[in-house]
Every structure is written in C-alpha cells, then in structure tokens.
Number of protein chains: 2
Amino acid sequence: MQYSKSTDYALHALLHLGQSDRHNNVGIKELSVTLGVSESYLSKIMSKLRQDGIVRAVPGVNGGYELARPAEEITFLDVIQVIEGRQHLFECSNSNSQQHQLLAEAGDVPQEHERPKKIGCLVEKVMDGAEQHLHQYLREHTIQWVMDEAFKRCNHEVNKK
Amino acid sequence: MQYSKSTDYALHALLHLGQSDRHNNVGIKELSVTLGVSESYLSKIMSKLRQDGIVRAVPGVNGGYELARPAEEITFLDVIQVIEGRQHLFECSNSNSQQHQLLAEAGDVPQEHERPKKIGCLVEKVMDGAEQHLHQYLREHTIQWVMDEAFKRCNHEVNKK
DNA sequence: TAAATATGGACCCATGATGTCCATGATAAA
DNA sequence: TTTATCATGGACATCATGGGTCCATATTTA
C-alpha cells in the first residue's frame with residue numbers, strides 16, 4: 001500500500017510551478033526534464049490537475065502550465081485526491097456477513113419491524129478514524145509550506161558559515 | 001490507494017478468534033464460513049499471521065488457530081504491517097533530480113569537499129509525517145478495543161428498551 | 001500559414017492482488 | 001498403529017491497475 005509515482009510527479013511538478021517566476025507558464029518539456037519523466041506520461045498527470053482546477057493550461061506557442069490558485073491554498077490532500085481518487089482507505093467487504101451479526105448479537109432486538117439494522121463495521125470505523133487523522137495532516141501542509149521550509153533551510157545553511 | 005482485502009480478512013479473523021471461547025482453537029473451516037472466503041485463501045493469510053507471532057496454530061484433529069497474545073496487545077498497525085508490508089507510504093523516486101538541486105540551490109555551499117549533501121526530499125518529509133500520524137492512530141486501536149466497543153453498543157441498545 | 005503546445009484516445013507491458021489446487025507434514029483419537 | 005483431521009507451502013491461473021508510449025487533433029501565437 002503506497003502512493004503512486006504519479007502523486008510524486010504531481011507534487012514535484014506543482015513545486016516547480018510554484019517556484020518559477022510568476023506570470024510565466026512552464027511548458028511540459030521543461031517540467032519533464034526537471035522531473036526526469038517522459039512528456040507523454042507527465043501530460044496525463046498535468047491534465048488531471050487541470051481538470052480539477054489545480055493548474056491552468058494554455059496551448060499554443062509559449063503556452064504551458066501555471067498554478068490556478070496561490071500555493072498556500074494547494075494542500076497535499078488536494079493533490080493526492082486528484083491523483084489517487086477519493087475512495088476510502090478501507091472498505092469492509094462483507095458488512096452483512098455472519099461476523100457482524102455475531103458482533104451485534106448479544107444486545108440484538110430481533111425483527112423490530114424489519115429495519116436493516118445499519119450497524120456499520122467497527123473495523124471500518126477504526127480505519128475511517130485513521131484516515132481522518134491522515135487527511136487532517138495532509139490538509140495542513142501545502143505547496144507553499146514546502147517552499148517556505150526549503151527557504152528556511154537555505155538561510156540556516158548560510159548562517160552556519 | 002487502498003488497503004487490500006487480505007487486511008480485511010485478517011482483522012475480522014482475529015476478531016473471531018478473540019471472541020471465541022478461550023482455550024478452544026478455531027479451525028480454518030469455521031473461519032472461512034464466518035468470513036465468507038475460501039479456506040485456501042484464508043490459510044495463506046493465517047499463515048502470515050502465524051509467522052509474525054500474531055496467532056498460534058496447531059495441526060491435527062481438533063487443531064486450529066488461537067491468538068498468540070492478549071487481544072489488547074494486538075494493534076491494528078501490527079496486523080496491517082504483517083499483511084501489507086512495512087514499506088513507507090511514499091518514496092520520492094528522484095531524490096537527486098534537478099528538482100531537489102534547485103530547492104537547495106540558494107543557500108548552497110558548492111563542493112565543500114564533495115559530500116553528497118544528503119538533503120532529503122521535503123515532499124517525502126511531509127508524507128512521512130503524515131504516515132507517523134496514521135500509524136499512531138492505528139497503534140492506539142487494538143482487537144480488544146473493537147470487542148469492547150461492540151459490547152458497549154449492545155448495552156446501549158438494551159438500555160434503550 | 002506554420003510552429004509550438006496541450007489534449008485525449010488507443011494501446012502495451014509488468015506487477016501485484018486475489019484466488020484455486022494439490023502434495024506434504026503434523027497431530028490426536030480410535 | 002492406523003486413520004481422519006488439520007495446517008503449510010508451492011505452483012498456477014486470472015484479472016485489475018500502475019506506469020508508460022504513440023499518435024491524431026485542437027488551439028494559440030509569431
């Protein structure tokens with residue numbers, strides 16, 4: 001269970017756009033050279049980012065990509081969800097199995113007018129909780145955060161001299 | 001990006017072992033019927049859990065599986081790592097690309113005796129932080145926690161009557 | 001118009017998840 | 001000791017997905 005390379009490419013591409021001098025969009029060629037990945041493949045990824053309103057794209061001569069909104073408003077979670085999809089980290093495959101009947105058995109009120117019970121898998125509940133924590137952290141970190149952090153490190157390095 | 005079905009099966013199987021009357025191990029047949037999955041496949045999963053010391057297995061007549069330690073000492077993280085492996089959630093595929101050189105460029109001290117710099121990808125750093133939060137939550141939730149929660153719900157249901 | 005650029009569809013390949021089948025080995029009951 | 005029961009592990013089979021290429025098309029600027 002790992003995030004795909006596409007997510008890697010997407011995040012690094014956005015960082016590059018964030019650093020490039022503003023009002024100058026960056027072509028797919030420059031991006032692909034910088035990241036070390038083919039233009040064809042990177043195009044697909046950038047296209048997804050555009051469809052989701054993370055970047056803007058202009059075709060034609062001197063075209064390219066630029067961030068569609070400020071880097072501090074692009075979170076890691078935004079990017080990950082565009083690339084990886086919005087499915088949950090975990091889905092119980094048999095919510096109506098014997099397993100779950102047993103879990104609810106003791107306090108069960110049998111057939112109190114046929115309602116489907118809607119118990120909800122407790123395993124899933126834990127996993128959903130974990131996912132919420134993961135997402136919260138990813139929401140708190142933006143493209144801008146990485147650039148700021150890099151800048152701070154540079155200063156620190158300079159001061160050491 | 002999703003946890004596999006095997007993780008699902010493993011967690012539910014352990015719950016079953018946790019609930020079954022103690023000092024009685026449970027055969028693969030009973031487990032497979034309860035979870036609604038084939039014996040063959042579930043065997044593979046149980047075997048992994050055994051190799052990692054989560055469950056014990058005894059062959060022969062009246063054999064089967066039982067928890068190798070108390071249910072409150074089996075965390076979700078334990079189980080997930082056995083099934084999914086211990087690889088990181090994210091690995092930067094090009095830590096020495098031009099991208100990272102640029103990030104470190106401004107404050108760079110060129111060739112101060114050829115050390116490889118060991119910068120470390122900041123994207124990876126964020127992702128590792130996220131992973132730590134995820135793991136912390138999964139460490140705090142055990143098989144026993146789920147059983148306790150199920151018990152509490154039963155009582156609540158009974159009290160409502 | 002021509003060159004540069006993004007877009008999207010069709011396709012390919014390797015890998016891993018999911019699952020089956022079978023031979024083997026260990027154990028307890030008869 | 002024999003036999004039925006049970007776990008183990010290897011060899012496959014199948015299918016979905018990630019990762020990637022190639023090409024035809026549309027759009028824009030010089």
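- Under a 3.5 Å cut-off, the side chain of B:Glu84 and the backbone N or O of B:Ser4 do form a donor-acceptor pair.
- A:Gly63 comes within 4.0 angstrom of the backbone, heavy atoms only, and of no base.
- A donor-acceptor pair under 3.5 Å is formed between the side chain of B:Glu124 and the backbone N or O of B:Cys92.
- Residue pairs satisfying the salt bridge (Lys or Arg N to Asp or Glu O under 4.0 Å) criterion with at least one member in residues 37-54 of chain B, sequence neighbours excluded, are listed as follows: B:Asp52-B:Arg86.
- For A:His133, the ring pair (Phe, Tyr, Trp, His ring centres under 6.0 Å) test picks out B:Tyr137, with sequence neighbours left out.
- Nucleotide C:dA6 holds its P atom 11 Å from the CG atom of A:Leu17, rounded to whole Å.
- The stretch residues 45-55 of chain A touches DNA chain C through A:Ser47, A:Arg50, A:Gln51, each having a heavy atom under 4.0 angstrom from the strand.
- Proximity of a side-chain donor or acceptor of B:Asp78 to a complementary backbone N or O of B:Thr75 within less than 3.5 Å is detected.
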Protein proximity profile, nucleotides 10-22 of chain C - base contact B, sugar-phosphate-only contact S, no contact -, cut-off 4.0 Å on heavy atoms:
B-------BBBB-

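- As rounded to whole Å, 11 Å separates atom P of C:dT7 from atom CG of A:Leu42.
- Where DNA chain D meets chain B (any atom under 4.0 Å from a heavy atom), the bounding nucleotides read 5' to 3' are D:dA4 to D:dA11.
- Summarising the geometry, atom CG belonging to A:Leu14 is positioned 9.5 Å from atom CZ belonging to A:Phe76; distances are rounded to the nearest 0.5 Å.
- For B:Glu91, there are no side-chain hydrogen bond (donor to acceptor under 3.5 Å, both in side chains) partners two or more places apart in sequence or in a different chain.
- Projected onto DNA chain C by closest heavy-atom contact, B:Asn62 and A:Gly60 fall at different nucleotides, the more 5' of which corresponds to A:Gly60.
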